[in-house]
A.B. asks: 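After the structure tokens below, expect a handful of questions from me.
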Amino acid sequence: MSDPRQRVPGTDRVLTHPEVAAAADRLGHRLVKHAVHTAQQRARDGEITVSAVIAETLAALPDSAASSRPVLNATGVLLHTNLGRAPLSQAAVDALRRAAGTTDVELDLSTGRRGPRGAAALAALLAAVPRAEAAHVVNNGAAALSLAATALAQGREIVLARGEMVEIGDGFRLPELLTATGARLREIGTTNRVRLDDYRAAVGPDTGFVLKVHPSNFVITGFTSAVPVAALRGIGAPVVVDIGSGLLHPHPVLPAEPDATSVLADGADLVLASGDKLLGGPQAGLLLGRAEIVQQLRHHPLARAMRVDKLTLAALEATLRGPSTPIEQALRRDQQSLLRRAERLAEALSAAGVPASAQPSEATVGGGGAPGVALPSAAVVLPARFAELLRSADPAVLACLAHDRCLLDLAALPPEDDDGLRRAVLGAA
Ligand SMILES: *Cc1c(COP(=O)(O)O)cnc(C)c1O
């Protein structure tokens, strides 16, 4: 027998195979060539036969030129930061696909002249929150805060209660962001208590604005007092409120979560929020409030560095104008139907020999919203080892480990995903 290495098909020959060539058109030459080289090496090493090089190349190719994979969120945390927070609605996905090419993001098609950028998304935001005189959108909540701090308080003071000096996650400390803009913090009150008199005493000619921050990921209970936005009316400086989660109206399931409309009605001059939390849209920072203040922010030189792209604007508009978002649907799922889904799944898995059962569980909003709120849910219970296996299953699933068992919480998943969940578990088993 001759040395099999001599018979490994050459790179050019593999690349001209019709299916491989089609894959190169779709995924890019470089990525496909890498898969060819890997398959050739495996043939040289005797791991596969030389006749399998083309099949091996095709099998190793990814579905997409980007490496990110869809993951089923079975954690019971509706807004999971590591999973990209809010899943977009189909309407938002369609909108960003349409906007991906050349689009009229900054063009008035009726006149052929340049138009205001993102006007439709801003109009949708104002239609959703008529209380706001004007709106602006930047890249995320942190950008909204830093734009407000820079434009309204650089070299001056931001009055902030000590109990609202929040760390969001991944080491993001809001007070550090604020001082990085060149504003000074005027801390008032204590960790657990602040009074209106503290605000009155702190506001003076050097005040840029008074900031209220929603403690969106913790609760302080016991001997506490905070000052509501309504009490700060007429304090002598603009009142800026960071509500965090992006609810635009009060939500029946989350009565304690602040919303833009109520906070503006209470007299806030400017409200800041994220787009990808409870609003259920793309990553964005929303600024809503008095026209004069919003104009000032919009025209600040830094605003250009925080400008959102056409994809964000399209997805945001569709989120605001389109049907109920996945996160909204998740908030409204009732425990009985979740439990029925969990039981059906557990039965199907047990019938296939996987030790599975169903039980009631508790989900949370997560991702900087509704801290301490437990949402009644249901889960499929599996042996603990499944948690790891499911991360590399097809489709990938992120489960929750509790009391040495693997829980697949259904709160964040629509019923359409049950089949994928079942397939993933059977594959992992
Ligand atoms: C989440 C959050 C932020 C940060 O928003 P990003 O969109 O993550 O930048 C700021 N403030 C509050 C209160 C939050 O909950």
Side-chain angles (χ1 to χ4, degrees), residues 77-88 121 125 135-150 152-153 158 160-181 183 185 194 209-220 226 228-229 239-248 251 254 256-260 262-264 268 270-289 297 302-303 305-309 311-313 315-316 319 325 327 364-373:
V77 180
L78 302 191
L79 293 166
H80 200 294
T81 301
N82 305 146
L83 295 177
R85 287 192 184 155
L88 293 178
L125 199 48
H136 183 57
V137 182
V138 292
N139 276 322
N140 59 11
L145 264 171
S146 50
L147 183 58
T150 309
L152 308 176
I158 298 172
L160 178 62
R162 291 196 170 87
E164 298 176 15
M165 302 183 67
V166 178
E167 174 167 325
I168 300 298
D170 198 25
F172 165 41
R173 293 182 165 168
L174 215 129
E176 290 174 0
L177 175 89
L178 294 172
T179 51
T181 67
L185 277 192
V194 66
F209 58 87
V210 171
L211 178 62
K212 291 270 305 164
V213 178
H214 175 48
S216 59
N217 53 7
F218 68 100
V219 273
I220 298 184
V229 174
V239 175
V240 177
V241 184
D242 175 10
I243 60 170
S245 70
L247 281 186
L248 301 181
H251 198 289
L254 307 170
E257 192 65 9
D259 67 277
S262 305
V263 167
L264 288 167
L270 185 69
V271 174
L272 316 176
S274 299
D276 54 354
K277 294 180 179 173
L278 288 170
L279 182 66
Q283 179 187 302
L286 315 180
L287 301 112
L288 294 148
L297 302 181
L302 205 57
M306 301 173 176
R307 188 173 97 158
V308 285
D309 76 332
L311 302 180
T312 302
L313 289 166
L316 181 63
T319 300
T325 61
I327 185 75
T364 57
V365 169
V373 175

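Counting convention: from 1, in listed order, for ligands and their atoms alike. These numbers were taken from a predicted model, which means no experiment stands behind them.
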A.B. asks: Mind checking the CD1-CD spacing from Ile220 to Glu164? Nearest 0.5 Å is all I need.
C.D. replies: 9.0 Å
A.B. asks: Could you pull out every N or O of ligand 1 that sits under 3.5 Å from a protein N or O, with the distance for each pair?
C.D. replies:
| residue | atom | partner | partner atom | Å |
| --- | --- | --- | --- | --- |
| ligand 1 | 5 (O) | Ser274 | OG | 3.0 |
| ligand 1 | 7 (O) | Arg85 | NH1 | 3.4 |
| ligand 1 | 7 (O) | Gly141 | N | 2.8 |
| ligand 1 | 7 (O) | Ser274 | OG | 2.7 |
| ligand 1 | 8 (O) | Arg85 | NH1 | 3.0 |
| ligand 1 | 8 (O) | Arg85 | NH2 | 2.8 |
| ligand 1 | 9 (O) | Gly141 | N | 3.2 |
| ligand 1 | 9 (O) | Ala142 | N | 2.8 |
| ligand 1 | 11 (N) | Asp242 | OD1 | 3.4 |
| ligand 1 | 11 (N) | Asp242 | OD2 | 2.5 |
| ligand 1 | 15 (O) | Ser216 | OG | 2.6 |
| ligand 1 | 15 (O) | Lys277 | NZ | 2.7 |

A.B. asks: So which atom in Leu177 and which in Ala142 form the shortest heavy-atom distance, rounded to 0.1 Å?
C.D. replies: CD2-O, 3.5 Å
A.B. asks: Salt bridge (charged side-chain N to carboxylate O under 4.0 Å, His left out) with Glu257: which residues, sequence neighbours excluded?
C.D. replies: none
A.B. asks: Can you see which heavy atom on Asn217 is nearest to which on Ile168, and at what distance?
C.D. replies: ND2-O, 3.2 Å
A.B. asks: Under 3.5 Å, side chain of Gln283 to main-chain N/O of Asn139, donor-acceptor pair present?
C.D. replies: yes
A.B. asks: Take Asp259 and His251 through the side-chain contact (heavy atoms from CB on, under 4.5 Å) test and state the conclusion after the steps.
C.D. replies: CA-CA 8 Å; Asp259 67 277; His251 198 289; over 6 Å; no
